[in-house]
Structure formats: structure tokens, C-alpha cells
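Structure record follows, encoded as C-alpha cells.
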Amino acid sequence: MQQWQITPYFWLYFGALLLCFYVSLEAWRFPSGYGRNWFRWMIASIDLWLLSYILGFFHKDPQWKSIILRAEYLGIIGAATFWCLFSLSYTHTGGRWLTPKKTAMIFIIPVVSYLLVLSYPLHTLFYKKVEFVQEDGLVLLKKHYSFGFYIWTSYAYVMLSVGLLALISSFSKMSRSFRWQFMPLIFAISLIVSSNLSYILGSNPLAPYDITSLSFAVVSGIILYVMKRFRFLDLIPVAHEHIFHSIQSGVIILDAQERIIEINPAALELTSLPHDKLLGQSIHTAFPDQACFIEPHLQKQHHKFELNFHDRIFEAQIIPLQHASNNPLGKLITLYDITLLKTALAEIQRIARIDPLTQVANRLAMQERLDTEAERSRRYDGTFSVVIGDIDKFKMINDTYGHQCGDYVLSTLAQLLQETARKSDLVARWGGEEFCILLPQTSVTQAKIMLERIRSRLAKHVFTWNQQTIRVTATFGVAEHKKELPIEHTIQKADQALYQGKHDGRNRISLHISSTGIPLPDFSEISDKETGTEIQSLSYQNHLRSLK
């Protein structure tokens, strides 16, 4: 122990060292990423700095002091550099430009400075000279600095300031929980900077002891408290800016005058203006083609609407931004690309309304269209006709040639109906071997003329199955819609006309006429609540089936 100069301050520094070591152990408990690795290296550098200072300052041997000086400077250089990188990573301030190449460039001056320290006394680029003096019974190492030291010191303070500014600039952007992490960190680095400045400028109140190294005890205590109390390094603040630029949906932020103050890349794709020229522009200038669609929605609160951009469909939402005092700040516009969703929904709706065998509309699609036409007829005093067609003796075709042949006949007949019908008409498979045709703006007389073309073409068409020729005919019943009656009434009348056509010999067009050779039951006059409705309906259906 004769080589050691132990004073009461030794125990203060030793206690600070133990506290720093404990903080290092705590830091290694957390997973990597989000600045945690840089923080570990920073604390490790502080540990090396403080340990080397203790071993060098409190030892008497000059040669030993010279050796330890090099280890101490490794800690000094590492602490400043890693602090800067930690702050930028932790706050995500340098997330977009802190690439591996640029990170390596940050280390150029620190590495060169440390090489100058290692190679002393072969030159005087960092130290002019280092001498040993005795003050108050202590053997001290006195350093006289050269320009290399001042270059490094200036660079170190730049890095410390950058890290400090990163914390301060991110302070207002973070939630309240993370602000309690930031405030102690800002105070801690400010304490280190102020104590180090007092040491370098010769105004150290604890001279000849280095107050910077002793301040590490306070800093370590602050960091440990933040770890335990506010879960520092456990809960990491989210990079709001990174999310803003990475989110796939378009985001546009407007000020109170509806000028663009920020726009993310996803929304930037929708305009031809570059980002720098877009900022400050009115939303109407940025999207001139959509201005007339956006304008009515800007004054509404939390409003959703759809916009079309370059063959893409977006769901737009406008959210007002306000101060805590409810004064308007501006508006947030989000744009979600729903093109694929709309396409998929349209395809699902199409499939849901298409008969899978014949590829014409199904009963659901026809019923919707009939309801629409009935409403249009009621409003605008229009008319239309409804046709119910049925393949004659279809059961015999199935029994003779098989159900696959029956499917072939149904598909072929559906194709013939589609080809013969007008663009405004709708052909649907009504059920089984029945088809329904809607003829807008068509009277029953006009419908008969068109249906005769279909019937004649079908009668001449050659159906071939397994090298056998099949003759297929169909009977059609037609009824004209009356606007004062429900659409169900017209469908029943067309069905009754079909009944009449089957009774008259099939392969014909039958118009609904009230006075015929055979009495036709009028189901529009039968109430669902009347006793016997089910029996009469069933009797009618069985009779019609026997005619087929």
C-alpha cells in the first residue's frame, strides 16, 4: 500500500465506481436494439474512465500513471462518442441517416485522437508535455495540451451537444411517461458537461480531484432511479416520424388554412408535385382533380368518404386537430387504399348473383332488378314486361339422356337467351328448368314479338349429345307490369300465362289474358292468411308440373 495515496476522496470515487458497475449490470438485462447497445458501451466507457482515473490518480508511480492515462482516455473518448450514438438511436432522431457508413465516419476523429494519445511521447500533437508534480503531499500528473487535444475536445462537445439536443427536441413529441425518462437524462448529461468544463477551464472546486469523474456517481444514481421508477431501457419510445414515413396508408396534415404542412410517401405518390414544393401548398393545389370532391368534406367532423386516384379507390377520413383549449390546429387526412377490397367485394357480389351452371343472373339478382324496375315504373309512369320461360318435357330429357345432358341443354338455352335479348334486358335462371326475362320499357305485345324470335331460334337449334340429336322447345308466359300493383302480382300473372301455354300445347308464347278457355286461378286475390291457400297453391303447382 506504500505506492498508493489513499485520501477520503478515494472512497467517494470507489463508491461511484461500484454504482457505475451496478448500472452496467442492469443495462445488460435488457434485449438489444433501440439504442440499448450504444448505452451499454457508453456505461462501459464511463466505468473504464472512472476505474482508470482511480488507479492513476491515487497511485504514486509516474510510470504507472502514464500507462493508466492511455486507458483513461479510451474511456473518455468512448463515453462521448457512444453517448451521441445512444441519444440519436434512442430518440430515433438519426433513424433515416444513421447508416453504418455514417456511423463509422463519426468514429474517425475519436480513433485518430486516441492513436495520438497512444503514440505520445513520440510527438507533441496531442500533449505538449506531461510532467509530474507534488501538491499537498500528492504525486500528480500535470498535462500541457496541444492542438490535437483541442480538436478532440471541440468534437467531443459537439457530440455531447448533439445528443443533448436530440433528447430536448424529442421531449415534446413523447408521451408523458417517456418525458419522465428524458428529464433525468437531460439533467445527467448537463451535469457531466458542466463539471468537465470547470475541470478543463481551471475552475474546479475540488482541485486537484477531477470533479467530472466524481459526477458519475450522481449520474449513475439518476440513471438507476430512472431504470427502476420509469422503466428506462425497458419501455422504448416509438419513432413517430419513422412510423409516419413507413405507414402504407396515405397521411396528409393540414394547418388551419388547409395548407399541407406534412405528407408521407404513400400520399406523395398521388400527386405530381415533389415534397419540397408541396409543403405550404393548399390541398386544392396539390390535388386539383379531386378538389371538388374534397372541398365538401373538409368542414365535416370525423368524416369518411371515397376518392378515386388514377384507377385506385381510397377511403378518406378527415380528423380535426385541436389544441387542449379546443382551438383548431388543422386537419389530419388519412387515405386507405381499398381498391383490392372493392374489387373483391364486387367479384363476390357478382358471383352471388350469377347462376354457376348457366352463367346468367340467378333468382336473387333478378328479384333485385325487378324491385328496381317496379320502383322506377311507379315514379316515372313507365312499364315493363316479365317473362317466365320453361323447357318443355325437361324431365324426359333428364330421364332419357341423363342429368349431364340436362345441364348441357340448360346452359345452351341460357346462352341463346343472352344472345337474343337486348342489352337492357336481364336473363336469369329462375329455378330448375325455368328462366325469367325482364324486358324494360316493353309492352306485352312488343315482348311477344321478341320472344317469338327466341322461340323460333330455339326450335331450329340442333342440340347434340353423345352423337344424338335432341329437339328442345320452350314455352314462355308474359305479363305486363301495372305500376299500381306489386311486382309479385306481375310474376304470378306471367306464371299463370306459362300455365296456359303449357295447357295449350307447349312451344308457344302465352300472354296473360283474363278470359281464356281454361279458368286461371288468380293468386293475387288469395290472402296468405286464408285457409286453403297452401292447398290451392300446391294443387296449381302439381298441375303445372304434370303439363311439363
- Does the W83 side chain pair with the main chain of F39, one donor and one acceptor, at a distance under 3.5 Å? no
- Message: Under a 3.5 Å distance rule, please check whether S52 uses its side chain to pair with a backbone N or O of W49 as donor and acceptor.
- Response: no
- Pair K143-E131, salt bridge (charged side-chain N to carboxylate O under 4.0 Å, His left out): steps then yes or no: CA-CA 7 Å; K143 295 163 283 194; E131 58 181 345; over 6 Å; no
- Look at atom CD of Q63 and say whether more than 12 heavy atoms of other residues, nucleotides or ligands are closer to it than 6.0 Å. no
- Could you check F132 against S66 for side-chain contact (heavy atoms from CB on, under 4.5 Å), going step by step and ending with a plain yes or no? CA-CA 10 Å; F132 300 92; S66 298; 3.4 Å; yes
- Message: Test your reading of the model: is there a side-chain donor-acceptor pair from D371 to the backbone of E368, 3.5 Å cut-off?
- Response: no
- Query: Only one of Y120, Y150, W152, Y73 clears ring-ring contact (aromatic ring centres under 6.0 Å, His included) with F126; which?
  - Reply: Y73
- Message: Can you tell me if R29 has over 12 outside heavy atoms packed within less than 6.0 Å of its CZ?
- Response: yes
- For V360 and A414, which heavy atoms make the closest approach, and how far apart are they? CG1-CB, 3.8 Å
- Atom pair CD/CG of E315 and D337 - distance to nearest 0.5 Å: 11.0 Å
- Specify whether Y53 and Y13 have parallel, tilted or perpendicular ring planes, treating 30° as the upper limit for parallel and 60° as the lower limit for perpendicular. tilted
- Note on the structure: Closest heavy-atom pair, T212 versus N196, reported as atoms and distance to 0.1 Å, is OG1-CA, 3.0 Å
- Task: Start with the C-alpha gap between E306 and I338, add the side-chain angles, then the distance that decides, and say whether side-chain contact (heavy atoms from CB on, under 4.5 Å) holds.
- Result: CA-CA 9 Å; E306 289 185 7; I338 58 173; 3.9 Å; yes
- Query: Going through the distances and angles, do Y22 and S220 end up as a side chain to side chain donor-acceptor pair (under 3.5 Å)?
  - Reply: CA-CA 9 Å; Y22 182 69; S220 297; over 6 Å; no
- Task: Specify whether Y145 and Y127 have parallel, tilted or perpendicular ring planes, treating 30° as the upper limit for parallel and 60° as the lower limit for perpendicular.
- Result: tilted
- Item | CG-CG distance between L17 and L12, expressed to the nearest 0.5 angstrom | 12.5 Å
- Indicate the ring-plane relationship of F14 and W11, choosing parallel, tilted or perpendicular according to the 30° and 60° boundaries. perpendicular
- Using salt bridge (charged side-chain N to carboxylate O under 4.0 Å, His left out) as the criterion, list what pairs up with R229, not counting sequence neighbours. none
- Taking the side chain as every heavy atom from C-beta outward, state whether L279 and I261 have any pair of such atoms under 4.5 Å apart. no
- Message: Measuring only between side-chain heavy atoms, which start at C-beta, is V130 closer than 4.5 Å to K142?
- Response: no
- Rounded distance [0.5 Å steps], OG in S213 versus CD in E72: 6.0 Å
- Query: Among pairs that include at least one residue of residues 182-210, which meet salt bridge (Lys or Arg N to Asp or Glu O under 4.0 Å), considering only residues two or more places apart or in two chains?
  - Reply: none
- Query: Are W4 and L55 close enough that some pair of their side-chain heavy atoms sits under 4.5 Å apart?
  - Reply: yes
- Yes or no on side-chain contact (heavy atoms from CB on, under 4.5 Å) for T103 and L85, after CA distance, side-chain angles and deciding distance? CA-CA 8 Å; T103 301; L85 294 172; 4.1 Å; yes
- Would you indicate whether the side-chain heavy atoms of E347 and T343 approach each other to under 4.5 Å? no
- Query: Side chains of N204 and S198: is there a donor and an acceptor less than 3.5 Å apart?
  - Reply: no
- Query: Looking only at heavy atoms, what is the nearest atom pair of A352 and L364, with distance?
  - Reply: O-CD2, 4.0 Å
- Message: I need the full list of salt bridge (Lys or Arg N to Asp or Glu O under 4.0 Å) pairs touching residues 247-256, with sequence neighbours left out, sorted by first then second residue.
- Response: D255-R259
- Parallel under 30°, tilted from 30 to 60°, perpendicular over 60°: which one fits the rings of W38 and F82? parallel
- Query: Can any side-chain N or O of S411 pair as donor or acceptor with the backbone N or O of Y408 at less than 3.5 Å?
  - Reply: no
- Message: Looking at N362 and I351, would you say the former's side chain and the latter's main chain have a donor-acceptor pair under 3.5 Å?
- Response: no
- Query: Shortest non-hydrogen contact from K65 to L141?
  - Reply: CB-CD1, 3.8 Å
- Message: Determine whether a donor-acceptor pair (N or O, by modelled atom type, separation under 3.5 Å) exists between the side chain of Q5 and the backbone of F57.
- Response: yes
- Task: Please confirm whether the backbone N or O of L438 pairs with a side-chain atom of R369, one donor and one acceptor, at under 3.5 Å?
- Result: no
- For residues I333 and L254, determine if any side-chain heavy atom of one lies less than 4.5 Å from a side-chain heavy atom of the other. yes
- Query: How close do S24 and I43 get, heavy atom to heavy atom, and via which atoms?
  - Reply: OG-CG2, 2.6 Å
- Task: Using modelled atom types only, decide if a donor and an acceptor are shared between the side chain of T81 and the backbone of G78 within a distance under 3.5 Å.
- Result: no
- F58 vs F10 aromatic rings, parallel, tilted or perpendicular, using cut-offs 30° and 60°? perpendicular
- Query: Heavy atoms, side chains only, cut-off 4.5 Å: are F216 and L19 in contact?
  - Reply: no
- Within-4.5 Å side-chain heavy-atom neighbours: L160 and C84: no
- Nearest 0.5 Å, what's the OH-OG distance between Y114 and S119? 11.0 Å
- Pair T358-D355, side-chain contact (heavy atoms from CB on, under 4.5 Å): steps then yes or no: CA-CA 6 Å; T358 61; D355 178 64; 2.7 Å; yes
- Query: Can you tell me how far NE2 of H59 sits from CD1 of I6, rounded to the nearest 0.5 angstrom?
  - Reply: 9.5 Å
- Message: Show the nearest heavy-atom pair for residues A79 and M42, with the distance to one decimal.
- Response: O-CG, 3.8 Å
- Check: Y209/T7 side-chain N/O donor and acceptor closer than 3.5 Å: yes
- Measure from the ring center of W41 to the ring center of F86 and say whether it is less than 6.0 Å. no
- Backbone of G250 reached by a side-chain donor or acceptor of N264 within 3.5 Å: no
- Task: For F30, look at atom CZ and say whether over 12 heavy atoms of other residues, nucleotides or ligands are found less than 6.0 Å away.
- Result: yes
- Query: In Å and rounded to the nearest 0.5 Å, what is the CD1 to CG distance from I318 to L332?
  - Reply: 10.0 Å
- Flag the pair V193 / L164 as yes when at least one side-chain heavy-atom distance between them is below 4.5 Å, and no otherwise. no
- Message: Check whether Y380 reaches the backbone of E375 with its side chain - one donor and one acceptor, N or O, closer than 3.5 Å.
- Response: no
